[in-house]
2 protein chains.
Amino acid sequence: MKPSVGIREVAQHAGVSNATVSNVLNRPDVVAPATRQRVLAAIEELGFVRNESARQLRAGRSRVLAYVVLDAANPFFTDVARGVEDAAREAGFALFLCNSASDEGREREYLELLQEQRVEGILITPVDADNARLAERGTPVVLVDREATDGARCSVAVDDVLGGELAVTHLIENGHTRIAMVGGPLSIQQVRDRREGAMRALTNAGLPEEALTFLDTRGLQVAEGRGAGERLVGLPASRRPTAAFCANDLLALGLLQSMTQQGLRVPDDLAVVGYDDIEFAAAAAVPLTSVRQPRDQLGRTAAQLLLAENEPDHEHRHVKFQPELVVRASTAIRR
Amino acid sequence: MKPSVGIREVAQHAGVSNATVSNVLNRPDVVAPATRQRVLAAIEELGFVRNESARQLRAGRSRVLAYVVLDAANPFFTDVARGVEDAAREAGFALFLCNSASDEGREREYLELLQEQRVEGILITPVDADNARLAERGTPVVLVDREATDGARCSVAVDDVLGGELAVTHLIENGHTRIAMVGGPLSIQQVRDRREGAMRALTNAGLPEEALTFLDTRGLQVAEGRGAGERLVGLPASRRPTAAFCANDLLALGLLQSMTQQGLRVPDDLAVVGYDDIEFAAAAAVPLTSVRQPRDQLGRTAAQLLLAENEPDHEHRHVKFQPELVVRASTAIRR
DNA sequence: CCTCGATGTTGAAACGTTTTAACACCTGAG
DNA sequence: CTCAGGTGTTAAAACGTTTCAACATCGAGG
């Protein structure tokens, strides 16, 4: 079935040595044009495909980066991935995407596999920050959308505390004094930070901590947002918040959907702020106010930091971007 | 920096031969419990990570599948990918996602790379059907969401002609006689098939071909949908369609957005049908009528076909699923 | 005519695993 | 006491590349 045509067969077929074939593949300029043509013809004719395992084994380096993503179904991450890929391609690397789907186990397995594959570097938005440490046996790792707490790796993040503050400050300015924050689980750093920002906004405005009701979710998907919506509506009217800050646009979209289904109006009955400003936020039933992150740039710089990692005297850097509030109909001023 | 700890060092450290270490790694049951413990301890202590390149080179097989996706930013594909991954994991394989981003060149590069990596199999939703043929030098390939025209590979598809027919028949039943179809480029098989289905619906209803205006787009992204919306509104009122069938939910969402911006109402001024029924379709400004495909199952069966590929007497199969129309507000009956 | 440098080509030694066949050892049956 | 059979372990040969030092060949400069 597979005659397994290797560099040897090509060499023989072209009447040269394997070394020459290898040279044609890797340093074409060093071999005489005539022989080069002959070798290329042989390659073509035999349908030779270089065995990357062997190459990598000998050469020691690979040509791929990997990005282990928290949730491939979240457009935010695919946008970041796009940035990563663009930067990677410019440097001659390919990108493999792995989806941990917020599962610690999967995440660990992928990290293990990628190290075994000896990929040139790993980008990761971790479920479990400790997992990322696993990879410290040689493969460079850069944290994406999360700040590295120790100085052991680079990271590219966005100021999530500030983001939360922006969102909730906006709601307070619009006159809301009972605000819900939807998100979870709290084991996710982003959720914690954004909540902290929300708290800070309250403090700044002189509101008590109780002004914020935290609605815990099991994840950051649309379905969880819908669930939160139902719980929210179930609250006694006197205690029910008039605005909600969601840790995520997916949650916000779910919440929105649930509101409409239950006959409540956004923003009149409930103002909603999302986070990430994914493309669908603007196309939602009620266009969503959201905290925008520089997704593309996040990805690009992450890739660049990763590629700089094996420069001689590399120092781990922590880049932090600023988020920005994009106001839309879902928080139009209350009448 | 990298002391490059290999199986040799582990063996030495544990006082056994490399063969035994290899056995611990691959056939733990064959080695005596005492030595196994010793070896495992050594592995742990030295932080040994198996070199997959070497393993693969010698063992001949890898443990990963790859899915080359047309557009990682389209939730439809990430949902399919989810199905693929679930099936792959059950069989003990990991999945690498590659994004061709509708670019023939990228697609070709990824296919080349994946073959060089000797992945166990490739799933692909191709930009260019010919590219998929490239991989015919040994690596099994399964087409996803596209029917293989020749008998050379397996494929898993959904009946796109039927889907188009369902959508447009629904519009006709709602009283529309001037219908736009938004999509492109026509080099994409899906777009052609869905248009053909639309045509068939016209014929079935005894409408002339001119009842369908084809609005060509350069891609299947939200932005293209917005562009089409502007062109649509630019048409003279007498010729302007009263309904639009989009090749894609992303296009439909873009179209929707553009309508709202330009002060037209959906479905009153323009009814809209999308395709794929992605999660965001239901959460859109006007909940979107859409043609649903069994995304998850599509992915699962594709992976299963791929894994069956190296069974002794394998025959290429072509599985075809049926789409289903989901009616929502964007095509509510006209008054 | 000899030497030198430049230009192409090559033989052979890696790279770090898996795998096969052989080997050592032990136990229990004869 | 021997032998068959089982149980663990191992030496050594792959796997298909890249790379390095060495080797031809040739034209030019002395």
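So you know, we letter chains A, B, ... as the sequences are listed, proteins then strands, and number each from 1.
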- Task: Using atom CD of Gln115(B) as one end and atom P of dT17(D) as the other, report the distance to the nearest whole Å.
- Result: 14 Å
- Message: Take a 6.0 Å sphere around CZ of Arg317(B) and say whether it holds more than 12 heavy atoms from other residues, nucleotides or ligands.
- Response: no
- Quantify the bending of the helix from dC1(C)-dG30(D) to dG30(C)-dC1(D) as the angle between its end axes, each fitted on five pairs, to 10°. 60°
- Query: Residues from residues 25-45 of chain A sitting under 4.0 Å of DNA chain C, heavy atoms only?
  - Reply: Val31(A), Ala32(A), Thr35(A)
- Task: Would you mind reporting whether His314(A) and Leu305(A) have side-chain heavy atoms less than 4.5 Å apart?
- Result: no
- Note on the structure: Rounded to whole Å, CZ of Arg8(A) lies from C1' of dT18(D) at a distance of 13 Å
- If you look at every heavy atom in Ala54(B) and Leu57(A), which pair is closest and at what distance? CB-CD1, 3.8 Å
- Task: For Arg61(B) and dT18(C), give me the distance from atom CZ to atom P, rounded to whole Å.
- Result: 11 Å
- Item | Candidate pair His316(A) and His318(A), rule ring pair (Phe, Tyr, Trp, His ring centres under 6.0 Å), full reasoning | CA-CA 7 Å; His316(A) 293 302; His318(A) 304 281; 7.6 Å; no
- According to a strict under-4.0 Å criterion, is Arg50(A) in side-chain N/O contact with OP1 or OP2 of dT18(D)? yes
- Check the distance between dT17(D)'s P and Glu9(A)'s CD and give it to me in whole angstrom. 8 Å
- Taking C-beta and beyond as the side chain, do Ser100(A) and Val69(A) meet within less than 4.5 Å on heavy atoms? no
- In whole angstrom, give the distance that lies between atom CD of Glu52(A) and atom P of dG16(D). 15 Å
- Note on the structure: Given protein heavy atoms under 4.0 Å, the one-letter contact record of nucleotides 10-15 of chain C, with B base, S sugar-phosphate only and - none, is simply BB-BBB
